[in-house]
Protein chains: 2
Amino acid sequence: MKRKTIEDYVELVYDLQKRGKRVHTNDIASALNIKPASVTEIFQKLDSEGYINYEKYSGVTLTSRGRNLAIRTKKKHQALKEFLILLGVDKQVAEKDACEMEHILDPTTMDIIIKFVEMINRCEITPFWLERFKRFVESGRLEECPPELVMLCQKVQKN
Amino acid sequence: MKRKTIEDYVELVYDLQKRGKRVHTNDIASALNIKPASVTEIFQKLDSEGYINYEKYSGVTLTSRGRNLAIRTKKKHQALKEFLILLGVDKQVAEKDACEMEHILDPTTMDIIIKFVEMINRCEITPFWLERFKRFVESGRLEECPPELVMLCQKVQKN
DNA sequence: CCCGTTTTTTAGGTATGCCTAAACATCGGA
DNA sequence: TCCGATGTTTAGGCATACCTAAAAAACGGG
């Protein structure tokens with residue numbers, strides 16, 4: 001990950017806060033591979049913007065504003081990761097890309113992706129087209145769609 | 001768009017170069033809503049990194065290295081935009097999001113997305129599941145999958 | 001071909017997000 | 001309780017990507 005955003009920090013504070021109490025500069029610094037001194041500055045900024053309660057030398061807790069942002073961000077992250085994995089992206093890569101995408105996508109795009117994941121998850125079986133797609137990604141060769149399936153789809157489409 | 005990357009500039013030079021000859025600071029500046037003075041700096045940097053040939057006061061042309069990067073970037077951009085539009089994202093939004101995504105996605109993810117677009121484009125008809133998905137996005141209600149379709153898919157899957 | 005207009009460059013400035021080194025607080029064992 | 005180890009903050013620095021104002025070059029009509 002390159003440039004970190006407010007959302008990244010808030011999300012991380014949220015995660016670290018769960019298993020324990022207040023979150024300290026060192027916790028963030030070691031998780032993100034930056035220096036504690038930088039985290040202090042970040043804490044000051046996040047505090048001034050109302051996302052955390054910062055007390056010198058004793059770590060931070062999230063405000064409700066911060067918690068909301070963290071939860072929203074985590075949901076986006078989760079949906080994006082699931083989405084990519086569904087398409088056949090490697091889990092590690094999906095994690096990384098989701099982390100970047102969560103900051104840049106338009107809310108309407110995000111919404112569509114969330115719905116996509118939901119649709120797939122609600123299927124009883126992994127859809128045929130998705131299996132076929134993954135085989136395509138694997139092999140580079142796109143197999144023909146079974147003609148009876150094409151015909152049935154056309155028929156269903158008409159109604 | 002916020003921070004612009006090398007790829008953005010190279011891509012833009014490529015586009016502007018096509019209809020005309022050398023590209024000037026003002027062309028870029030007005031296209032990206034930044035000041036000509038900033039473009040001069042960017043030209044100097046791109047020149048030092050071998051993407052463009054920069055001649056003071058007379059604009060730039062792309063090197064082959066620059067042209068390659070531009071073309072690669074444009075392909076990514078195009079595939080991403082198509083991908084989003086396929087899923088039902090508004091064209092304007094798709095344009096914007098594609099522009100951000102093209103810089104951050106892992107090559108393997110990009111490859112999968114390109115294949116996805118290819119798969120859909122090779123279908124004789126818009127796939128049933130995709131139509132169904134778009135109706136879901138529109139209405140918020142996910143209609144049941146026709147049972148005969150589910151059954152056929154299961155059957156096909158077995159072979 | 002000269003001079004005013006337009007375009008481009010230079011020089012210097014701002015904000016941001018990170019850094020290091022050093023000062024400072026806190027914590028826990030002797 | 002004192003002190004050294006550990007953790008945190010401050011101060012100052014660097015790089016980046018933009019900016020403005022002013023100098024310099026190029027352009028083009030009279």
Side-chain angles (χ1 to χ4, degrees), chain A residues 1-13 15-17 19-62 66 69-70 73 96 99-100 102-104, chain B residues 1-13 15-17 19-62 66 69-70 73 96 99-100 102-104:
Chain A
M1 205 194 291
K2 342 211 121 139
R3 311 183 66 99
K4 287 102 182 186
T5 68
I6 288 182
E7 287 163 19
D8 288 319
Y9 294 116
V10 169
E11 198 180 348
L12 185 54
V13 170
D15 285 339
L16 296 175
Q17 192 176 235
R19 55 191 101 135
K21 319 288 259 112
R22 304 182 75 84
V23 176
H24 295 263
T25 53
N26 247 346
D27 304 332
I28 304 285
S30 55
L32 294 180
N33 259 305
I34 58 179
K35 301 294 157 187
S38 307
V39 178
T40 298
E41 291 168 20
I42 291 158
F43 277 178
Q44 286 161 353
K45 195 180 103 188
L46 293 185
D47 182 76
S48 80
E49 295 180 17
Y51 295 108
I52 60 176
N53 302 115
Y54 170 53
E55 304 267 345
K56 266 190 178 188
Y57 294 105
S58 65
V60 300
T61 55
L62 286 176
L69 181 59
T73 306
K96 176 174 71 72
C99 203
E100 307 278 338
E102 70 195 20
H103 307 306
I104 61 173
Chain B
M1 204 193 289
K2 340 214 125 136
R3 312 182 65 100
K4 287 101 181 185
T5 67
I6 288 182
E7 287 163 19
D8 289 319
Y9 294 115
V10 168
E11 198 180 347
L12 185 55
V13 170
D15 286 339
L16 296 174
Q17 192 176 236
R19 54 191 98 131
K21 320 287 260 113
R22 303 184 74 85
V23 176
H24 294 264
T25 55
N26 248 347
D27 304 332
I28 304 285
S30 55
L32 294 179
N33 259 305
I34 58 179
K35 302 294 158 188
S38 307
V39 179
T40 299
E41 292 170 18
I42 291 157
F43 277 179
Q44 285 161 352
K45 195 179 101 185
L46 292 185
D47 181 77
S48 79
E49 296 180 15
Y51 294 108
I52 60 176
N53 303 115
Y54 170 53
E55 303 267 345
K56 266 190 178 188
Y57 294 105
S58 65
V60 300
T61 54
L62 286 176
L69 181 59
T73 305
K96 178 174 69 70
C99 204
E100 307 279 339
E102 70 196 20
H103 306 306
I104 61 173

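Chain identifiers are assigned alphabetically (A, B, ...) following the order of the sequence lines, protein sequences preceding nucleic acid strands; residue numbering begins at 1 within each chain.
For A:Lys56 and D:dT10, the shortest distance from a side-chain N or O to OP1 or OP2 is below 4.0 Å. At D:dT9, one or more side-chain N or O atoms of A:Tyr54 fall inside 4.0 Å of OP1 or OP2 (strictly under the cut-off). Under 4.0 angstrom from either OP1 or OP2 of C:dG17 there lies at least one side-chain N or O belonging to A:Lys45. Not one side-chain nitrogen or oxygen of A:Gln44 sits closer than 4.0 Å to the OP1 or OP2 atom of D:dT9. In terms of phosphate contacts, A:Asn26 brings no side-chain nitrogen or oxygen within less than 4.0 Å of OP1 or OP2 of D:dT6. Between B:His24 and C:dT8, a side-chain N or O to OP1/OP2 separation shorter than 4.0 Å is present.
Within the nucleic acid shown, A:Ser38 comes within 4.0 Å of at least one base atom, counting heavy atoms only. Note on A:Thr25: only backbone sugar-phosphate atoms sit closer than 4.0 angstrom, heavy atoms only; bases stay farther off. Across all strands, A:Phe43 comes closer than 4.0 Å to no nucleic acid atom at all (heavy-atom distances).
For the pair A:Lys35 and A:Tyr57, both in contact range of DNA chain C, the more 5′-proximal nearest nucleotide belongs to A:Lys35.
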Check against side chain to side chain contact (heavy atoms under 4.5 Å, CB included), B:Val60 and B:Leu46: CA-CA 10 Å; B:Val60 300; B:Leu46 292 185; over 6 Å; no
Chi angles and distances behind the side chain to side chain contact (heavy atoms under 4.5 Å, CB included) call for B:Ile42, B:Ile34: CA-CA 11 Å; B:Ile42 291 157; B:Ile34 58 179; 4.0 Å; yes
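Within the 4.5 Å cutoff, the side chain of A:Val39 has no heavy atoms near those of the A:Tyr9 side chain.
One interatomic measurement links the two molecules: CZ of B:Arg22 to C1' of D:dA26, which rounds to 14 Å at whole-angstrom precision. The distance from atom CD1 of A:Ile28 to atom C1' of C:dC19 is 18 Å, rounded to the nearest whole Å. Counting to the nearest Å, the C1' atom of C:dC19 and the CD1 atom of A:Ile34 are 11 Å from each other.
Ranking D:dC18, D:dT10, C:dT8 by closeness to the B:Thr40 side chain, first place goes to C:dT8.
A:Leu62 and A:Ala70 get closest at one heavy-atom pair: CD1-CB, 4.4 Å.
With values rounded to the nearest 0.5 angstrom, B:Glu102 atom CD is found 6.0 Å from B:Asp8 atom CG.
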